[in-house]
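Notes to accompany the following structure.
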Amino acid sequence: QVQLVESGGGLVQPGGSLRLSCAASGMIFRVYTMGWYRQAPGKQRELLATVPVVGSANYADSVKGRFTISRDNAKNAVYLQMSSLKPEDTAVYYCNAEVVTTPASTLNAYWGPGTQVTVSS
């Protein structure tokens with residue numbers, strides 16, 4: 001069993017910044033691609049950014065140039081630095097990780113419970 005927990009959400013003014021964190025724990029042999037998603041009320045979950053173990057990150061057009069994803073492989077953690085926040089960024093933000101739990105296991109995706117980000121004046 002793998003658990004992911006997000007932190008760092010909260011209320012921020014338009015134009016402000018916020019940094020989200022997510023750490024994976026439990027039965028982990030190795031964590032591969034990690035990412036951030038968000039879901040606003042009445043809308044589908046949206047992919048924001050992913051980062052592989054090795055290589056460049058990928059970003060959705062809606063956040064490109066404003067958000068930065070990073071990871072700490074030693075801590076099985078992923079971060080999302082958000083800048084120039086807009087009211088439309090308001091959503092529940094979720095982290096995701098592709099994890100191999102044992103040397104003989106296949107890759108599976110896991111999700112955190114989410115953290116609320118509200119951008120309002």
Side-chain angles (χ1 to χ4, degrees):
Q1 187 70 32
V2 176
Q3 297 84 41
L4 276 67
V5 179
E6 303 95 342
S7 62
L11 176 64
V12 63
Q13 293 184 329
S17 299
L18 207 61
R19 186 173 188 260
L20 304 182
S21 301
C22 176
S25 62
M27 186 180 296
I28 298 174
F29 176 70
R30 190 174 183 183
V31 178
Y32 289 88
T33 301
M34 305 184 81
W36 286 96
Y37 297 69
R38 70 185 179 191
Q39 188 166 21
K43 296 190 175 182
Q44 291 185 304
R45 189 168 296 188
E46 175 189 13
L47 172 63
L48 300 177
T50 60
V51 58
V53 177
V54 177
S56 300
N58 298 299
Y59 297 92
D61 289 340
S62 60
V63 304
K64 194 173 299 180
R66 299 189 299 123
F67 291 11
T68 301
I69 189 171
S70 61
R71 64 188 293 163
D72 184 335
N73 292 331
K75 297 180 179 180
N76 292 326
V78 63
Y79 310 93
L80 187 68
Q81 178 65 50
M82 305 184 293
S83 300
S84 301
L85 285 164
K86 308 172 182 179
E88 50 263 45
D89 293 320
T90 296
V92 176
Y93 284 68
Y94 300 89
C95 67
N96 171 273
E98 295 182 335
V99 180
V100 173
T101 56
T102 73
S105 299
T106 57
L107 200 65
N108 290 108
Y110 296 87
W111 294 88
T115 185
Q116 177 71 45
V117 172
T118 302
V119 184
S120 176
S121 59

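Heavy-atom basis, side chains included; hydrogens, waters and symmetry copies ignored. Source: prediction; values computed, not measured.
Distance check: Trp36 CH2 to Cys22 SG gives 5.0 Å after rounding to the nearest 0.5 Å. Of the inter-residue distances, the one linking Ile69 atom CD1 with Ser56 atom OG reads 12.0 Å to the nearest 0.5 angstrom. Atoms CD and CG, from Glu6 and Leu80 in turn, are 11.0 Å apart once rounded to the nearest 0.5 Å. Atoms OG and NZ, on Ser21 and Lys75 in that order, are 9.5 Å from each other to the nearest 0.5 Å. Expressed to the nearest 0.5 Å, how far CD of Gln13 lies from OG1 of Thr118 amounts to 13.0 Å.
Side-chain polar atoms of Gln1 and Thr101 form no donor-acceptor pair below 3.5 angstrom.
In plain terms, the two heavy atoms of Val51 and Arg71 that are nearest each other are O-NH1, 3.0 Å. Here the closest heavy-atom approach between residue Thr102 and residue Ser105 is recorded as OG1-OG, 2.5 Å. For Arg38 against Ala91, the heavy-atom pair with the smallest separation is CB-CB, 3.9 Å. Nearest heavy-atom pair across Trp111 and Asn96 is CE2-ND2, 3.3 Å. Across all their heavy atoms, Gly8 and Leu18 have their closest contact at O-CG, 3.5 Å. The shortest heavy-atom contact between Ser84 and Arg66 is O-NH1, 3.0 Å.
Hydrophobic cluster membership for Val100: Phe29, Tyr32, Val53, Val54, Leu107 (Ile, Leu, Val, Met, Phe, Trp, Tyr linked by side-chain heavy atoms under 4.5 Å, directly or transitively).
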- Task: Go through Glu88 and Ser62 one step at a time and tell me if the side-chain contact (heavy atoms from CB on, under 4.5 Å) criterion holds.
- Result: CA-CA 10 Å; Glu88 50 263 45; Ser62 60; over 6 Å; no

- What's the verdict on side-chain contact (heavy atoms from CB on, under 4.5 Å) for Ser17 and Gln81, showing C-alpha distance, side-chain angles and the deciding distance? CA-CA 7 Å; Ser17 299; Gln81 178 65 50; 4.0 Å; yes

- Message: Run Val117 and Asp89 through side-chain contact (heavy atoms from CB on, under 4.5 Å) and show every step you take.
- Response: CA-CA 8 Å; Val117 172; Asp89 293 320; 5.6 Å; no

- Message: Between Val31 and Glu98, is the side-chain contact (heavy atoms from CB on, under 4.5 Å) condition met? List the steps.
- Response: CA-CA 6 Å; Val31 178; Glu98 295 182 335; over 6 Å; no

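Not one N or O on the side chain of Gln39 forms a donor-acceptor pair closer than 3.5 Å with the backbone of Gln44. Proximity of a side-chain donor or acceptor of Thr90 to a complementary backbone N or O of Val119 within less than 3.5 Å is detected.
By the 4.0 Å N-to-carboxylate-O rule, Asp61 lies close enough to Lys64 to be salt-bridged with it.
Of the options Tyr37, Tyr59, Tyr93, a side chain to side chain contact (heavy atoms under 4.5 Å, CB included) to Leu48 is made by Tyr93 and by none of the others.
Val78 and Leu47 are members of different hydrophobic clusters when ILVMFWY side chains are connected at heavy-atom separations under 4.5 Å.
With contacts defined as side-chain heavy-atom distances shorter than 4.5 Å, the pair Ser120/Pro87 does not qualify.
Remark: Arg19 qualifies as a cation-pi partner of Tyr79 under the 6.0 Å distance and 45° angle criteria applied to the six-membered ring. Stacking of Arg45 on the aromatic ring of Tyr94 is recorded, both the 6.0 Å distance cut-off and the 45° axial limit being met.
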